[in-house]
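Step one of this worksheet: look at the structure below.
Not measured: the values here are computed from a predicted model. Atoms considered below: every heavy atom in the structure, side chains included; atoms not considered: hydrogens, waters and symmetry mates. Just so you know, ligand 1 is whichever comes first in the structure, and atom 1 is the first atom listed for that ligand.
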Amino acid sequence: MGEIDRKRWVEGRVDSVHRWTEKLYSIRVHADINPFTAGQFTKLGLEIDGELVSRPYSFVNAPDDDMLEFYFVIVPDGPLTSRMVQLQPDDAIQVMRNGSGFLTLNEVPDARHLWMLSTGTAIGPFLSILRTDVPWQRFEKIVLVHAVRLAEELSFSKIIESISASHPAQFQFIPFVSREAAQGALQARIPAAIEDGRLEGRAGMTLSAEDSQVMLCGNPDMVKDTRTVLKARGLERNRRRAPGHVSVENYW
Ligand SMILES: Cc1cc2nc3c(=O)[nH]c(=O)nc-3n(C[C@H](O)[C@H](O)[C@H](O)COP(=O)(O)OP(=O)(O)OC[C@H]3O[C@@H](n4cnc5c(N)ncnc54)[C@H](O)[C@@H]3O)c2cc1C
Ligand SMILES: NC(=O)c1ccc[n+]([C@@H]2O[C@H](COP(=O)([O-])OP(=O)(O)OC[C@H]3O[C@@H](n4cnc5c(N)ncnc54)[C@H](OP(=O)(O)O)[C@@H]3O)[C@@H](O)[C@H]2O)c1
């Protein structure tokens, strides 16, 4: 294999691989990377058949944690995730030295309410953000939505409970489970539940251009369909040169 560019890549060590379900895992890694901003991603890479194969993964940990954590789903026939799941403690993993990405609160204009809407593994960057002080200082109310196919895919319940316990009046977690009935969860997709009012009904808050900032992350079809329903409510894409209400990150 060619030399790995050490200006860009740090050799990290696997601490542990935690299995949430047959398909969903967290990997915890020690790596001496540069500081990142909550909500950003880095790249993880493994040498496979003499090549460095790498993909982007969002940080789940807060920026001041020593241990890095990434949450991933095994993609059938995916070259990297099928290898990542076989890693053992102390194995080497390449981690890009600098974080990237703009799904960060410094890109989000002020508002009363912050809505964080995710599918699947894309809850990760929101957990990183929620484990910093900034969102609690900037927003009156914060809603975290995690939309999954099956109830067993609602990972991180302990972390979410602890965020909730620290900010009981400010924070709400709303799970969506689309492919089975699950207690406490909405059985729906995010855009449909915005259109028919179920999400706002559950949150007890309205999505409006006046009061809301929305962050969307995960399945690109969810991101696209949600942008469409939000646009119909007057919420526009947020851009640096033209501040709006909706900040997005697609996972594929
Ligand atoms: C900015 C960014 C951040 C990302 N952060 C994460 C993360 O934190 N966790 C994570 O698991 N993945 C994340 N991804 C996706 C990740 O980079 C890989 O694409 C994924 O892990 C699959 O890698 P692979 O080599 O096995 O298959 P690939 O060949 O890369 O992917 C094959 C196909 O799998 C599907 N797919 C990819 N990622 C996902 C996913 N997360 N959930 C459901 N279906 C998916 C898509 O249909 C994709 O075309 C992120 C992607 C981007 C662009
Ligand atoms: N085995 C298979 O047949 C099969 C098929 C597709 C993908 N996969 C693989 O399985 C994994 C899926 O991961 P995942 O379940 O975490 O992610 P996902 O497919 O993105 O599903 C997560 C949630 O997003 C919802 N969603 C999907 N499209 C949406 C849209 N257009 N608008 C709003 N919500 C939408 C899903 O609802 P719904 O339940 O209503 O879709 C589900 O609740 C991937 O690795 C993928 O490659 C497997």
Side-chain angles (χ1 to χ4, degrees), residues 17-29 36-49 51-61 68-87 93-96 98-104 117-129 145-156 174-182 185-196 198-199 214-230 247-252:
V17 178
H18 172 75
R19 178 186 183 279
W20 296 95
T21 71
E22 206 182 309
K23 281 170 50 176
L24 288 167
Y25 292 81
S26 279
I27 184 167
R28 290 159 72 87
V29 175
F36 69 94
T37 305
Q40 285 193 313
F41 60 88
T42 183
K43 280 188 172 177
L44 299 178
L46 294 175
E47 296 185 35
I48 300 173
D49 300 331
E51 293 292 328
L52 179 63
V53 177
S54 69
R55 297 280 187 275
Y57 293 91
S58 301
F59 294 98
V60 181
N61 56 291
L68 308 181
E69 180 173 354
F70 307 95
Y71 179 51
F72 67 97
V73 64
I74 299 185
V75 170
D77 304 320
L80 191 59
T81 51
S82 53
R83 297 296 182 105
M84 235 152 58
V85 73
Q86 294 169 1
L87 289 169
I93 182 166
Q94 308 304 324
V95 185
M96 197 157 263
N98 290 320
S100 323
F102 302 102
L103 193 76
T104 53
L117 313 182
S118 63
T119 56
T121 52
I123 189 173
F126 296 143
L127 295 178
S128 181
I129 292 171
V145 168
H146 190 199
V148 296
R149 295 180 183 187
L150 304 174
E152 65 168 17
E153 296 165 352
L154 292 169
S155 307
F156 299 105
I174 304 183
F176 278 56
V177 175
S178 51
R179 300 200 184 185
E180 63 185 1
L186 295 179
Q187 189 167 2
R189 284 181 163 190
I190 291 168
I194 294 173
E195 233 173 356
D196 66 18
R198 271 202 283 172
L199 174 58
V214 183
M215 300 173 89
L216 303 176
C217 191
N219 184 318
D221 293 328
M222 178 282 287
V223 169
K224 183 167 139 282
D225 295 353
T226 306
R227 279 186 57 197
T228 305
V229 298
L230 290 174
S247 306
V248 308
E249 185 167 85
N250 289 313
Y251 264 15
W252 66 92

- With only distance considered, is Thr119 within less than 3.5 Å of ligand 2 through an N or O on each side? no
- Message: Which heavy atom of Val95 sits nearest to which heavy atom of Leu44, and what is that distance?
- Response: CG2-CD2, 3.9 Å
- Query: So, for Met96 and Thr42, which heavy atoms are closest and what is the spacing to 0.1 Å?
  - Reply: O-OG1, 2.9 Å
- Note on the structure: min-distance protein heavy atom vs atom 33 (C) of ligand 2 -> Pro191 CD, 3.3 Å
- Query: Looking only at atom types and distance, does a side-chain atom of Glu69 sit under 3.5 Å from a main-chain N or O of Arg28, one as donor and one as acceptor?
  - Reply: no
- Message: Tell me the protein heavy atom at minimum distance from atom 37 (O) of ligand 2, and give that distance in Å.
- Response: Ser178 OG, 3.2 Å
- Among the heavy atoms of Lys224, does any lie under 4.0 Å from an atom of ligand 2? no
- Note on the structure: By chain and number, the residues contacting ligand 1 below 4.0 angstrom (heavy atoms only) are Phe41, Arg55, Pro56, Tyr57, Ser58, Tyr71, Phe72, Val73, Val75, Gly78, Pro79, Leu80, Thr81, Thr121, Glu249, Asn250, Tyr251, Trp252
- Task: Test side chain to side chain contact (heavy atoms under 4.5 Å, CB included) on Ile93 and Leu46 and set out the steps.
- Result: CA-CA 6 Å; Ile93 182 166; Leu46 294 175; 3.9 Å; yes
- Donor + acceptor pair across side chains of Tyr251, Thr119 (<3.5 Å): no
- Would you say Val148 and ligand 2 have an N/O pair spaced under 3.5 Å apart? yes
- Message: Within the structure provided, determine whether Asn61 and Phe36 are in side-chain contact (heavy-atom separation under 4.5 Å).
- Response: yes
- Query: Under 4.0 Å from atom 6 (C) of ligand 2, do we find at least one protein heavy atom?
  - Reply: yes
- Tell me, which protein residue and heavy-atom name are nearest atom 18 (P) of ligand 2, and how many Å apart are they? Asn219 ND2, 3.8 Å
- Start with the C-alpha gap between Tyr71 and Ser155, add the side-chain angles, then the distance that decides, and say whether side chain to side chain donor-acceptor pair (under 3.5 Å) holds. CA-CA 10 Å; Tyr71 179 51; Ser155 307; 2.7 Å; yes
- Please report which non-hydrogen protein atom sits nearest to atom 16 (O) of ligand 2, along with the residue it belongs to and the distance in Å to one decimal place. Gly120 CA, 3.8 Å
- When only distance counts, is Lys23 in polar contact with ligand 2, meaning an N/O pair under 3.5 Å? yes
- Message: Would Asp225 count as a polar contact of ligand 2, with the cut-off being nitrogen or oxygen pairs under 3.5 Å?
- Response: yes
- Considering only non-hydrogen protein atoms, determine which one is nearest to atom 35 (C) of ligand 2 and report residue, atom name and distance to 0.1 Å. Arg189 NE, 3.5 Å
- Return the orientation label for the Phe72 and Tyr57 ring planes: parallel under 30°, perpendicular over 60°, tilted otherwise. perpendicular
- Task: Would you check whether Trp252 has a nitrogen or oxygen atom less than 3.5 angstrom from a nitrogen or oxygen atom of ligand 2?
- Result: no
- Task: Starting from atom 9 (C) of ligand 2, find the nearest protein heavy-atom neighbour and note its residue, name and distance.
- Result: Pro76 CD, 4.1 Å
- What protein heavy atom sits nearest atom 8 (N) of ligand 2, and how far off is it? Arg149 NH2, 3.8 Å
- Item | Side chains of Asn219 and Trp252 in contact at under 4.5 Å (non-hydrogen atoms) | yes
- Please report the shortest heavy-atom distance between Pro191 and Asp225, naming the atom on each side. CG-CB, 3.6 Å
- Message: Please list, in number order, the atoms of ligand 2 under 4.0 Å from a heavy atom of Arg179.
- Response: 38 (P), 39 (O), 41 (O)
- Task: Ignoring hydrogens, tell whether any protein atom lies closer than 4.0 Å to atom 2 (C) of ligand 2; use the non-hydrogen atoms only.
- Result: no
- Query: For ligand 2, which atoms have a heavy atom of Asp221 less than 4.0 angstrom away?
  - Reply: 30 (C), 31 (N)
- With rounding to the nearest 0.5 Å, note down the distance linking CD1 in Ile194 to OG1 in Thr228. 10.5 Å
- Task: Measure the acute angle between the ring planes of Trp20 and Phe156, then classify it against the limits of 30° and 60° as parallel, tilted or perpendicular.
- Result: tilted
- Task: Ignoring hydrogens, tell whether any protein atom lies closer than 4.0 Å to atom 44 (C) of ligand 2; use the non-hydrogen atoms only.
- Result: no
- Number the atoms of ligand 2 from 1 as they appear, then name those within less than 4.0 Å of a heavy atom of Met222, with their elements. 30 (C), 31 (N), 32 (N), 33 (C), 34 (N)
- Is there a side-chain contact between Glu249 and Phe41, using heavy atoms and a 4.5 Å cut-off? yes
- Query: Considering only heavy atoms of Val75, which atoms of ligand 2 have at least one such atom less than 4.0 Å away?
  - Reply: 45 (O)
- List the steps and the verdict of side chain to side chain contact (heavy atoms under 4.5 Å, CB included) for Phe70 and Thr121. CA-CA 9 Å; Phe70 307 95; Thr121 52; over 6 Å; no
- Nearest-0.5 Å distance that lies between atom CD in Glu195 and atom CG in Leu230: 10.0 Å
- Message: Apply side chain to side chain contact (heavy atoms under 4.5 Å, CB included) to residues Ile48 and Leu80 and explain how you reach the verdict.
- Response: CA-CA 9 Å; Ile48 300 173; Leu80 191 59; 4.2 Å; yes
- Message: Just to confirm my output: which protein heavy-atom neighbour is closest to atom 22 (C) of ligand 2, and how far is it?
- Response: Ala147 O, 3.7 Å
